[in-house]
Amino acid sequence: MIQTINTVPYTDQKMGTAGLRKKTRTVMQKNYLENFLQSIFNTIPDLDKKSFLIGGDGRYMNKQAIQTIIKIAAANGVKKLYVGQDGLVSTPAGSHIILKNHLDGGFVLSASHNPGGIDGDFGIKYATSSGGQCQPSESDAIYKQTQTISEYKISDCPDFDLTKLTVYHCENTEIEVIDPYIDYIEMMKNIFDFPKLKKLLSSSFRFVFDAMNGVTGPYGKKIFEETLGAPVGSVINAVPLEDFGGLHPDPNLIYAKHLVDLMYSEAAPDFAAANDGDGDRNMILGQGFFVTPSDCLAILTDNYKLIPAYKNGIYGVAKSAATSMAVKRVADKLNLDFYEVPTGWKYFIHLMDSNRITFCGEESFGTGASHIREKDGIWATLFWLSIIADTNKSVKEIVLQHWKKYGRTYFLRNDFENIPQETADKLMADLEKKLPTLIGKEFNGYTVSEAYPFIYNDPVDHTSTQNGLIVHFTDGSRIVYRLSGTGTNGATLRTYIERYVTDKLLEDPEIMLETLSAASRTISEITSRTGKERPDIIT
Ligand code: G1P
Ligand code: ZN
């Protein structure tokens, strides 16, 4: 039976860079999830002809939220739902399932790399038939619904057992529990040379894949161990846990410190990769060596010919404005089209759909390609393994060779967290006004050559978006300022600092960027406005 429940809006359901992301306890409030879901369905016509995917990264509330989505979708007359077995699906695999089966969209329950648990975060990434998160016009329409919602519809059908691959019905909706792994693995086999990778991984090559107790555990086991022959135990933190076993499932130098420590120890294996909670982010490490995401994108691009799926040529490449210029130097050399977009994977989607780009990436540990419409941590890992299998070089040798060829872009992101929203907004507004006056001025030896708000004109739908403020210096260095769109505690100001050199290739990034980082604080008056002398997090 379908029930109509009266409700009142929550006013904080605006989607950010990666869908709706909130404290778990916020989402647990009465009708919170229901209101948001009904608001989405209110924007979609002809639901009786529409099919959606549902799954998540296994975090706290994942299973329960899936049952709620099923009941609300059924009450709204959705034709069919595909649900990942055990309620699991990684973000990249979800994108592929939507595209391959021509679904109308999907709900991936994840706050990505944010911690889980009742005191952690929960999130909903709502994807459309593009296979990626909805476009700004769609999220605006949904946000509008959330502001005025007064009722939602829900079926009283029972909860379904999601452990079995079977078909259920709720109202007129068919619910099929599907294997969330098989199609994704097949796709990877079609991109990479699996026999060659198998030779590497079943040799004496020592490999670790850290799933950080997120959803890529089972994907990693099936791909690296069962298919490619890596020794059992090569995939660590391999069981998805509701609280990620206490880990902050963000694959970077801070939150994957256990892996970094291993790679800088005597016992270091040859190669390690980590993925975040929902499997779209990645970190790549060699023995005593860390690859920055900006360099990662540049190096993968430079090696595209080694991969069967790309050997006959690729379209262009794109990066977010916040990401370093390293990939542009490769694109220029290889004569590839190059695009710079705002932060958020949705901006890459138009460029992929119109065959303008094949590879893209962000400094925030995201690299991907046009096989799907999300970033893809396992894809990046397989790409690195392919380069190693082909060149027989270590991670460090591969990167060093790249720097010798193209120069090195030292890059750091400084995050100033938990700033009152008003303070942060004012800082950005005042800085924007001040930009023209900076030109020609010197800060710690760096002279400003250009300073402007970054405005992106989408070549496909001709809309403009503003995202961040950019300051260029005469030596090619850059600072980018922007506010995070994914935080759940106050505002986070991110400053992205980069400096390009052709010598001094093996210095400490923090030392190389110290004076430029200090200049970034002076220019934006961060310390006087926020009281923060130093960033809270440097990555
Ligand atoms: C952060 C990253 C951004 C990424 C997003 C979703 O967003 O910086 O690159 O697309 O998470 O994973 P931000 O908090 O900066 O808005
Ligand atoms: Zn993620």
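Since this is a predicted model, take the numbers as computed values, not measurements. Residues: numbered from 1 along the sequence shown.
For Lys63 and Asp159, the salt-bridge test fails: no basic side-chain N is under 4.0 Å from an acidic carboxylate O. Under 4.0 Å is where a charged nitrogen must lie from a carboxylate oxygen, and between Asp104 and Lys79 no such pair does. One finds no salt bridge joining Lys319 and Glu362 here, because no Lys/Arg side-chain nitrogen approaches an Asp/Glu carboxylate oxygen to under 4.0 Å. In summary, Lys71 and Asp156 do not engage in a salt bridge, as defined by a charged side-chain N under 4.0 Å from a carboxylate O.
Checked by atom type, the side-chain pair Gln38/Glu151 shows no donor-acceptor distance below 3.5 Å. Between Asp415 and Thr492, the side chains place no donor N or O within less than 3.5 Å of an acceptor N or O (distance only, hydrogens not considered). The closest side-chain donor-acceptor pair between Asp376 and His371 falls under 3.5 angstrom. Side-chain N/O atoms of Thr7 and Asn35 include a donor and acceptor closer than 3.5 Å. Using modelled atom types, one finds a donor on one side chain and an acceptor on the other under 3.5 Å when comparing Asp12 with Tyr32. Side-chain contact annotation: Thr381 with Asn282, donor-acceptor N/O pair under 3.5 Å absent. A donor-acceptor contact closer than 3.5 angstrom links the side chains of Thr163 and Asp161. Counting only N and O atoms by type, the side chains of Ser130 and Thr128 include a donor and acceptor under 3.5 Å apart. No side-chain N or O of Asn62 forms a donor-acceptor pair with one of Glu242 less than 3.5 Å apart.
Listed by chain and residue number, Gln3, Tyr152, Ile154 satisfy the side chain to side chain contact (heavy atoms under 4.5 Å, CB included) test with Ile5 (two or more places apart in sequence, or in another chain). When the side chain to side chain contact (heavy atoms under 4.5 Å, CB included) test is applied to Lys23, the partners found at least two apart in sequence or on another chain are Thr26, Asp121, Thr488, Asn489. Checked against ring pair (Phe, Tyr, Trp, His ring centres under 6.0 Å), Tyr168 has the following partners two or more places apart in sequence or in another chain: Phe160. Annotation: side chain to side chain contact (heavy atoms under 4.5 Å, CB included) contacts of Lys222 (sequence neighbours excluded): Tyr181, Ile185, Glu226. For Tyr184, the ring pair (Phe, Tyr, Trp, His ring centres under 6.0 Å) test picks out Tyr219, with sequence neighbours left out. Contacts of Gln85 classified as side chain to side chain contact (heavy atoms under 4.5 Å, CB included), with partners at least two apart in sequence or in another chain: Leu165, Val177, Pro180.
Classified by interplanar angle (parallel below 30°, tilted 30° to 60°, perpendicular above 60°), the ring pair Tyr347/Tyr456 is perpendicular. Ring geometry, Phe359 versus Tyr304: the interplanar angle exceeds 60°, so the pair is classed perpendicular (tilted spans 30 to 60°). Aromatic ring orientation, Trp379 versus Phe383: perpendicular (interplanar angle above 60°, classes split at 30° and 60°). Taking the six-membered ring where the residue is Trp, Phe224 and Phe209 present tilted rings, their angle falling between 30° and 60°.
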After noting the C-alpha distance and the side-chain angles of Asp210 and His258, does the key distance pass the side-chain hydrogen bond (donor to acceptor under 3.5 Å, both in side chains) rule? CA-CA 10 Å; Asp210 187 349; His258 54 280; 2.6 Å; yes
Could you go through the salt bridge (Lys or Arg N to Asp or Glu O under 4.0 Å) check for Lys311 and Asp193 one step at a time? CA-CA 11 Å; Lys311 68 172 191 294; Asp193 185 341; over 6 Å; no
Decide side-chain hydrogen bond (donor to acceptor under 3.5 Å, both in side chains) for Ser155 and Glu171; before the verdict, give the C-alpha distance in whole Å, the side-chain angles of both, and the deciding distance to 0.1 Å. CA-CA 7 Å; Ser155 165; Glu171 308 301 338; 2.7 Å; yes
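Contact between Asp280 and Ser112 at its shortest, heavy atoms only, is OD1-OG, 3.8 Å. Between Asp179 and Ile182, the shortest heavy-atom distance links the atoms OD1-N, 3.1 Å.
Looking at heavy atoms from C-beta onward, Thr227 lies in side-chain contact with Lys189 at the 4.5 angstrom threshold. Under the 4.5 Å side-chain criterion, counting only non-hydrogen atoms from C-beta, His113 is not in contact with Ser364.
For the side-chain hydrogen bond (donor to acceptor under 3.5 Å, both in side chains) with Gln133, the lone residue among Glu374, Lys346, Arg373 that qualifies is Glu374.
For an aromatic pair to be called close, the ring centres must be under 6.0 Å apart, and Phe52 with Tyr82 fails this.
Panel note: side chain Glu225, backbone Ser234; a donor-acceptor pair is recorded below 3.5 Å.
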